[in-house]
Amino acid sequence: MLQVQFIVENKETVLKGLAKRNLKNASQKINSIIELDKTRKETQSELDNILSETNKLSKEIGMFFKSGETSKANTLKAKVATLKEESKKLSEKLTDCKTQLDNALYEIPNIPNTKVPEGNSEDDNITIKEWGELPKLYSEAKPHWELVKQYDIIDFELGVKITGAGFPVYKGKGAKLQRALINYFLDKNTDAGYQELQVPHLVNEASGLGTGQLPDKEGQMYHCGVDNFYLIPTSEIPITNIYRDVIVKEAQFPIKHTAYTPCFRREAGSYGKDVKGLNRLHQFDKVELVRIEKPSESYKALDEMVEHVANILEELRLPYRILCLCAGDLGFTSVLTYDFEVWSAAQGRWLEVSSVSNFENFQANRLKLRHKDENGKSQLAHTLNGSSLALPRIMAALIENYQDENGVNIPEVLQRYTGFDVIN
RNA sequence: AGAGGGGUGGCCGAGUGGUUUAAGGCGCACGCCUGGAAAGCGUGUUUACGUGUAAGCGUAACGAGGGUUCGAAUCCCUUCCCCUCUGCCA
């Protein structure tokens with residue numbers, strides 16, 4: 001969430017940013033936040049004064065009891081009783097005010113970067129780079145869901161039997177290819193200085209709140225009721241929450257992590273070719289990048305991440321394009337996001353395989369993730385993340401783009417990981 | 001899962017109702033001392049909110065949340081976590 005102080009001091013900038021996102025009743029919401037903050041400050045001051053007085057009197061009571069002046073003590077006790085009533089009222093008012101303020105802040109999305117194009121939907125995203133020639137497939141080319149069946153490398157029906165739709169079983173060379181991709185991605189990331197982590201796949205409520213999936217996106221996560229844990233929809237949650245309530249030391253920067261995890265998403269409400277085959281699953285694998293940066297370095301870090309992901313796709317020789325998301329398509333928490341899409345030749349469409357974002361201090365504010373600046377003052381750090389990469393759609397594109405009369409060929413860079421060069 | 005013991009500052013650790021303004025130690029920073037360093041000595045060393053131009057001042061925080069009391073690290077309740085033993089288990 002945004003910092004109240006930032007909203008108060010930069011009201012016009014905030015309103016302009018929210019207008020870009022077409023947020024309804026923005027100025028009303030912002031005014032109410034400013035008003036609530038004012039009330040909060042006043043109430044805090046009033047309460048502190050009363051508590052200060054109460055503390056002073058309590059000490060005096062103690063001394064009177066010690067010296068045996070019971071009647072004096074009792075007089076003060078009566079006085080404290082009235083003060084206590086007042087402080088109770090004020091403290092309730094303060095709690096109430098803070099809750100209202102937080103709830104109001106939760107509704108305000110992040111302010112888009114000036115680079116973010118105007119626009120209402122994905123149609124307004126701007127392509128900033130295209131790479132690779134779209135492959136011309138041979139006449140018998142098929143979509144991946146037919147190929148995986150033909151070569152028996154991914155079994156959707158089996159997954160339905162075991163669990164339900166959207167939980168495929170990878171078999172034989174399919175499983176091996178999946179594992180090869182994971183290892184390849186992790187190696188690329190660690191070579192680029194990202195520390196590899198293995199993190200829990202279930203997280204508690206505090207972590208869900210920290211990165212902002214809770215409370216609003218509760219329905220999109222699988223929940224273990226008895227223990228009150230959530231299955232992670234992305235490893236961003238466990239990785240970023242390492243830094244919840246942390247003050248990072250100067251020497252720790254830059255902080256670069258990568259992790260492979262399965263991701264679990266309930267994703268209700270989609271249909272048709274969007275969910276066909278590997279296009280959208282309830283469980284899928286992903287290798288993630290997370291960076292914690294000093295504010296002055298975060299955009300350099302974002303560019304590095306984009307460059308890094310592009311390099312991987314080029315090594316795989318998958319045609320891709322990079323989109324700069326427009327304000328209307330930009331995620332709630334993001335300031336600037338680049339989406340990577342690869343060309344799925346047999347489907348004749350682009351598939352999103354990575355999303356790289358700078359959240360600036362929006363996430364850090366909820367996480368209470370800070371660092372000390374040059375003057376020794378605590379400042380919120382910046383958080384960034386990106387996929388490198390989401391497995392299923394890479395699989396889909398690979399299988400489709402690399403098919404020919406002989407079967408599905410394996411990109412050269414992966415062959416030392418798979419140990420075979422064709423699936424047939 | 002059962003029984004028992006714990007959770008105090010960056011770290012160790014004292015503290016069972018009232019000058020706790022959380023002892024003492026370690027670490028760290030600065031200063032003195034020194035040719036230089038170590039040792040020694042001195043000073044300082046949390047976070048959040050409020051207030052103030054600032055120095056500072058006020059409030060809150062002893063795992064978390066409630067309660068008792070004029071007053072709680074200390075007593076009571078709830079809850080989370082850690083350790084030991086027993087059980088179960090890859």
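Bear in mind the structure is a predicted one, so any value in this text is a computation, not a measurement. Chain letters run A, B, ... following the sequence lines, proteins first, then strands; residues in each count from 1. These numbers come from the heavy atoms of this one structure, side chains and all, not from hydrogens, waters or symmetry mates.
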Spacing of the [atom1] atoms in [M] and [N] (rounded, Å):
N	M	atom1	answer
C30(B)	G15(B)	P	35 Å
G9(B)	C28(B)	C1'	14 Å
C89(B)	U68(B)	P	47 Å
A64(B)	C82(B)	C1'	15 Å
U8(B)	C62(B)	P	12 Å
A73(B)	A37(B)	C1'	43 Å
A22(B)	G36(B)	P	39 Å
G25(B)	U45(B)	C1'	15 Å

Nucleotide opposite [N] in a Watson-Crick or G-U pair, distances under 3.5 Å:
N	answer
A60(B)	U47(B)
A3(B)	U84(B)
A39(B)	none
U20(B)	none
A73(B)	none

Under 4.0 Å, counting only non-hydrogen atoms across every strand here, what does Leu51(A) touch: a base, just sugar-phosphate, or nothing?
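Sugar-phosphate: the residue Leu51(A), judged by heavy atoms under 4.0 Å, touches backbone atoms but no base.
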So what does Lys372(A) hit on the nucleic acid, given a heavy-atom distance under 4.0 Å: a base, only sugar-phosphate, or nothing?
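Sugar-phosphate, backbone atoms only, no base.
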Is the distance from OP1 or OP2 of [N] to the nearest side-chain N or O of [X] less than 4.0 Å?
X	N	result
Ser378(A)	A48(B)	yes
Asn55(A)	G71(B)	no
Arg40(A)	G50(B)	yes
Arg370(A)	A48(B)	yes
Lys84(A)	U69(B)	no

Is it true that [Y] and [X] share a donor-acceptor pair across their side chains at a distance under 3.5 Å?
X	Y	value
Gln150(A)	Lys142(A)	yes
Gln3(A)	Glu9(A)	no
Asn110(A)	Thr333(A)	no
Glu315(A)	Tyr184(A)	yes
Thr383(A)	Arg291(A)	no

Choosing from U47(B), G50(B), G71(B), which nucleotide comes nearest the side chain of Asp48(A)?
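Of all the options, the side chain of Asp48(A) is nearest to G50(B).
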Lys41(A) or Leu47(A), whichever maps to the more 5' nucleotide of RNA chain B:
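Looking at the nearest nucleotide for each, Lys41(A) comes out on the 5' side.
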First of Asn49(A) and Phe229(A) reached from the 5' end of RNA chain B, by closest nucleotide:
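Going by which nucleotide is closer to the 5' end, it is Asn49(A).
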Pick out which of Leu380(A), Ile292(A), Asn361(A), Asp245(A) makes a side chain to side chain contact (heavy atoms under 4.5 Å, CB included) with Leu369(A).
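Only match with Leu369(A) under side chain to side chain contact (heavy atoms under 4.5 Å, CB included): Ile292(A).
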